[in-house]
Amino acid sequence: MVSLLENITHLPRNITSLILFLSPVLTFVQIKKKGSVEQFSPAPYLATLLNCMLWVVYGLPMVHPHSILVITINGFGVGIELIFVFLFIFYSDGNKRLKVIVVLLVEFAFVALITVLVLTLLHTVATRSLVVGCIAVFFGTLMYAAPLSVMKLVITTKSVEYMPFYLSLASLANGICWTIYALIHFDLFITIPNSLGTLFGLVQLILYVTFYKSKQRQIEAKKDKEEIGLGDHAVVVQEDGQRSSY
């Protein structure tokens, strides 16, 4: 029965995880067009990168055997999130760029340190799984909680312009699928962050629905101002018969 349920949820887990990792693509297309990250936050990408790296360590055979799915999907996530972080650095400037670089280097050093300490100081699979699992749960929760700063911005500005819809939707779907997987295997370490991810994803979608109309009104108001600005140009006939506008 457990094997059947796992097979049924296998494809949805992979699909939702891939969608979650790839969901910021549209955001970065927008960033590329504008040539700047503007008010977008790097927190979701940095948090997801750290989370994926820790789950890769958790899935290692010498830490938690028979976790090939955890390694493969999170290994793919590491590669995708690195691309997004590097793009964010490229389109950032000044202090924001420096902060992202520093956080990125700290994350690499932290994961490397955890891996070395766990493999050298802990000598049983059960102990290694417990320690790395607890760490992964903590930072996995941070990954899902990372958009909270964006949610605050949404509530303050009453606009969802800087809260990517597809990232929120993918977080909800991914949280649901991995929570089901964790419950089937009775894996508390995977259950906790993903159940919280389901909750945070749901809250983000509620906020999006609540403030979406406000965003549309702001876009329409901006267009009206641009049209009025164009309409205010006056035409002056100079003495030589030529026209000029201002």
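Residues Val116 and Leu54 do not share a hydrophobic cluster, defined by chaining ILVMFWY side chains whose heavy atoms lie under 4.5 Å apart. Hydrophobic clustering keeps Val106 apart from Val56 (ILVMFWY residues linked when any side-chain heavy atoms are closer than 4.5 Å, directly or through intermediates). There is a path of hydrophobic side-chain contacts, each under 4.5 Å, that joins Leu105 to Leu46. Hydrophobic clustering of Ile, Leu, Val, Met, Phe, Trp and Tyr side chains at less than 4.5 Å, counting indirect connections, unites Phe40 with Ile101. Tracing side-chain contacts under 4.5 Å through hydrophobic residues (I, L, V, M, F, W, Y), one reaches Tyr208 starting from Ile206; they form part of the same cluster.
The distance from the CG atom of Leu104 to the CG atom of Leu49 is 6.5 Å, given to the nearest 0.5 Å. Ile180 CD1 to Ser195 OG: the interatomic distance, rounded to the nearest 0.5 Å, is 12.0 Å. We find the OG1-CG distance between Thr191 and Leu183 to be 4.5 Å, quoted to the nearest 0.5 Å. Residue Ser92 holds its OG atom at 11.5 Å from CD of Glu38, rounded to the nearest 0.5 Å. Residue Ile192 holds its CD1 atom at 8.0 Å from SG of Cys134, rounded to the nearest 0.5 Å. Summarising the geometry, atom CD1 belonging to Ile135 is positioned 3.5 Å from atom CD1 belonging to Ile114; distances are rounded to the nearest 0.5 Å.
No donor-acceptor pair closer than 3.5 Å links the side chain of Lys96 to the backbone N or O of Ser41.
Closest heavy-atom contact between Cys52 and Val78: CB-CG2, 3.6 Å. Counting all heavy atoms, side chain and backbone alike, Ile176 lies closest to Thr198 at N-OG1, 3.3 Å. Between Pro65 and Val125 the shortest heavy-atom distance is CD-CG1, 3.3 Å. Considering every non-hydrogen atom in both Pro61 and Ile71, the closest pair reads CD-CD1, 4.3 Å. Looking at every heavy atom in both residues, Asn74 comes nearest to Val70 through ND2-O, 2.7 Å.
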Start with the C-alpha distance between Leu87 and Ile31, add both sets of side-chain angles, then the distance that settles side-chain contact (heavy atoms from CB on, under 4.5 Å), and finish with yes or no.
CA-CA 9 Å; Leu87 285 173; Ile31 288 173; over 6 Å; no
Please assess Leu119 against Val63 for the test side-chain contact (heavy atoms from CB on, under 4.5 Å), listing each intermediate value before the final yes or no.
CA-CA 8 Å; Leu119 295 180; Val63 176; 4.1 Å; yes
Determine, step by step, whether Val57 and Val118 satisfy the side-chain contact (heavy atoms from CB on, under 4.5 Å) criterion, reporting the C-alpha distance in whole Å, the side-chain angles of both residues, the deciding distance to 0.1 Å, and the verdict.
CA-CA 10 Å; Val57 176; Val118 166; 5.9 Å; no
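By the side chain to side chain contact (heavy atoms under 4.5 Å, CB included) test, Leu207 pairs with Met151, Ile155, Met163, Phe211, sequence neighbours left out. By the side-chain hydrogen bond (donor to acceptor under 3.5 Å, both in side chains) test, Asn194 is found to be paired with Tyr144, residues two or more places apart in sequence or in another chain being considered.
Hydrophobic side-chain contacts under 4.5 Å tie Leu121 into a cluster, directly or through other members, with Leu113, Leu117.
Residue pairs meeting the side chain to side chain donor-acceptor pair (under 3.5 Å) criterion with at least one partner in residues 45-60, sequence neighbours excluded, are Asn51-Trp55, Tyr58-His64, Tyr58-Asp187. Sequence neighbours left out, the pairs with a member in residues 71-102 that pass ring pair (Phe, Tyr, Trp, His ring centres under 6.0 Å) are Phe28-Phe84. Annotation: side chain to side chain donor-acceptor pair (under 3.5 Å) contacts involving residues 107-135, sequence neighbours excluded, comprise Thr124-Thr127.
In this structure the side chain of Phe110 reaches within 4.5 angstrom of the side chain of Leu50, judged on heavy atoms.
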